[in-house]
Protein chains: 2
Amino acid sequence: MPTVSSEELAAAAGVNSAKLRKDFSYLGSYGTRGVGYDVEYLVYQISRELGLTQDWPVVIVGIGNLGAALANYGGFASRGFRVAALIDADPAMAGKPVAGIPVQHTDDLEKIIDENGVSIGVIATPAGAAQPVCDRLVAAGVTSILNFAPTVLSVPDGVDVRKVDLSIELQILAFHEQRKAGEEAEAQAGAAAAPAERGNDDKGPDGDVPAVMPA
Amino acid sequence: MPTVSSEELAAAAGVNSAKLRKDFSYLGSYGTRGVGYDVEYLVYQISRELGLTQDWPVVIVGIGNLGAALANYGGFASRGFRVAALIDADPAMAGKPVAGIPVQHTDDLEKIIDENGVSIGVIATPAGAAQPVCDRLVAAGVTSILNFAPTVLSVPDGVDVRKVDLSIELQILAFHEQRKAGEEAEAQAGAAAAPAERGNDDKGPDGDVPAVMPA
DNA sequence: ATGTCTTTGTGAACGCGTGCACAAAGATGA
DNA sequence: TCATCTTTGTGCACGCGTTCACAAAGACAT
């Protein structure tokens with residue numbers, strides 16, 4: 001039986017072994033003292049806890065460049081996601097296959113959600129279309145939304161929204177780049193607060209990097 | 001002079017006003033006691049600290065769906081980013097305009113970096129091409145890389161890499177979705193693939209989210 | 001001027017997560 | 001069976017960030 005010790009895993013992941021063990025203890029996945037963790041069992045438990053063993057049908061609304069990129073993205077299938085449908089408001093797109101999946105018109109949105117039992121929706125529309133699309137998704141039964149449109153969506157309680165802003169990561173890089181370049185010019189550090197839509201993750205400080213700026 | 005109090009800002013952002021004031025004090029941007037913060041001055045200070053007042057030329061390598069989506073993304077310009085060049089390995093793409101910018105061939109990568117003084121590169125290539133492209137970018141002088149390819153890049157010290165995995169956000173949504181769905185419906189998941197007879201089939205304390213999963 | 005009122009800036013307390021250290025548990029060999 | 005060794009699971013303490021609470025500072029009215 002192939003096993004790993006918390007020490008090995010911690011070294012590989014660059015974290016503390018005690019924390020790793022404590023986290024594992026949450027899962028109820030018990031290792032064997034004197035031996036370590038059964039690799040196969042551990043992988044299964046973590047996969048299950050993260051939802052990787054389930055099949056999650058998702059719809060992508062807005063099949064522009066970004067929507068098409070998402071439809072083609074290979075990483076989804078291996079994480080338990082299945083693109084149940086592609087939806088676009090442009091009638092000219094209807095029927096045209098993207099990533100092997102025929103695009104359907106927005107008119108059928110509710111029907112598609114219902115028939116496929118979709119609870120997760122991805123919005124890749126222009127900013128102006130995002131909120132109306134969001135409202136229809138929610139009304140049709142979607143309870144989790146991944147928003148790529150540059151708008152803050154408002155949703156009723158019980159619905160999760162995560163916003164992906166492609167420029168934020170760039171901004172973080174630029175922030176560090178600025179510090180690389182100008183250590184001698186300005187000796188001041190700072191921070192700023194940005195309105196958060198709903199529980200965005202932020203990490204602790206790295207040296208004297210402000211708390212709101214992810215490391 | 002239009003002003004805002006830390007209390008107003010904190011309420012709007014959903015954070016604690018004391019923390020906000022403490023963060024602002026890092027900037028050295030002084031508010032006025034009894035009045036609040038001068039909005040215009042505050043905006044400028046934060047913009048400057050975050051690097052928004054600078055002009056950051058970036059190159060995007062790999063003009064597929066995702067690269068094109070990034071090139072078209074409107075949020076960059078307003079954050080101080082300027083797409084200096086689009087680069088692709090496909091000779092058929094060369095000269096073809098995307099988002100108004102003509103695509104250039106990978107052969108000229110070093111020249112483009114050098115002539116435009118680019119220090120930030122975006123990689124939107126297939127996984128296999130990412131590391132070679134990364135190496136060339138670094139060799140040409142790029143010190144910050146935003147990686148959309150599903151690969152872990154290795155870079156020398158002094159170079160920052162941020163990896164964007166489009167499926168991670170979805171996975172976080174699915175994780176929460178799984179918890180919404182209920183704790184009784186997962187009996188079926190255990191029977192199929194589990195390496196059986198491990199006794200303890202129940203998951204741990206059901207109340208809390210494991211520390212390793214972002215909120 | 002002087003007093004009152006508002007809001008900042010910050011020292012200090014609090015709470016929480018992380019890491020340490022160790023007892024308990026099981027493996028292994030004599 | 002007993003001793004020894006390895007590694008887990010976790011109580012406890014420490015450190016750090018967040019929050020509280022208040023003195024200081026400036027605006028404004030009298």
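Naming: A, B, ... by sequence-line order, numbering from 1 per chain.
- Scored by the side-chain hydrogen bond (donor to acceptor under 3.5 Å, both in side chains) test, B:Glu40 finds no partners at all (sequence neighbours excluded).
- The backbone N or O of A:Ser5 sits less than 3.5 Å from a side-chain atom of A:Glu8, completing a donor-acceptor pair.
- Here A:Phe24 pairs with A:Tyr37 under the ring-ring contact (aromatic ring centres under 6.0 Å, His included) rule; sequence neighbours left out.
- Remark: P of C:dA27 and CE of A:Met1 are 9 Å apart, rounded to the nearest angstrom.
- For the pair A:Lys180 (side chain) and B:Thr143 (backbone), a donor-acceptor distance under 3.5 Å is present.
- When rounded to the nearest whole Å, the span between CG of A:Leu20 and C1' of C:dC20 equals 16 Å.
- In this structure, B:Asp38 places its CG atom 16 Å from P of C:dT7, rounding to the nearest Å.
- Every residue was checked against the side-chain hydrogen bond (donor to acceptor under 3.5 Å, both in side chains) condition with B:Thr125, not counting sequence neighbours, and none meets it.
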Can you give me the N/O atom pairs linking the protein to nucleotides 19-21 of chain D at distances under 3.5 Å, or say none if there are none?
unit_1 : atom_1 : unit_2  : atom_2 : d
D:dT19 : O4     : B:Lys22 : NZ     : 2.7
D:dC20 : OP2    : B:Asn16 : ND2    : 3.1
D:dA21 : N6     : B:Arg21 : NH2    : 3.3

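- As a whole-Å value, the separation of A:Asp23 CG from D:dT8 C1' is 14 Å.
- Residues from residues 2-12 of chain A lying near DNA chain C, meaning a heavy-atom separation below 4.0 Å, are absent.
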What nitrogen or oxygen pairs link the protein and nucleotides 23-28 of chain D at under 3.5 Å?
unit_1 : atom_1 : unit_2  : atom_2 : d
D:dA24 : N3     : B:Arg33 : NH1    : 2.8

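- Partners of A:Ser167 under the side-chain contact (heavy atoms from CB on, under 4.5 Å) rule, at least two apart in sequence or in another chain, are A:Asp165, B:Tyr73, B:Phe76, B:Arg79.
- Remark: A:Thr106 engages A:Ile87, A:Ala89, A:Leu109, A:Arg136 in a side-chain contact (heavy atoms from CB on, under 4.5 Å) (not counting sequence neighbours).
- Under the rule for a side-chain contact (heavy atoms from CB on, under 4.5 Å), the partners of B:Leu52 that lie at least two apart in sequence or sit in another chain are A:Gln171, B:Ser47, B:Leu50.
- By the 4.5 Å heavy-atom criterion applied to side chains, B:Cys134 and B:Asn147 are not counted as neighbours.
- For A:Glu115, the side-chain contact (heavy atoms from CB on, under 4.5 Å) partners at least two apart in sequence or on another chain are A:Lys111.
- With the end axes of the helix from C:dA1-D:dT30 to C:dA30-D:dT1 each set by five pairs, the angle from one to the other reads 0° at 10° resolution.
- Residue-level contact check: A:Tyr37 touches the backbone only, with heavy atoms under 4.0 Å from sugar-phosphate atoms and none from bases.
- Proximity of a side-chain donor or acceptor of B:Glu169 to a complementary backbone N or O of A:Leu146 within less than 3.5 Å is not detected.
- In this structure, B:Trp56 contributes its side chain and B:Ser119 its backbone to no donor-acceptor pair below 3.5 Å.
- Look at CG on A:Leu27: it is 14 Å from P on D:dT8, rounded to the nearest Å.
- When the side-chain hydrogen bond (donor to acceptor under 3.5 Å, both in side chains) test is applied to B:Tyr44, no partner is found at least two apart in sequence or on another chain.
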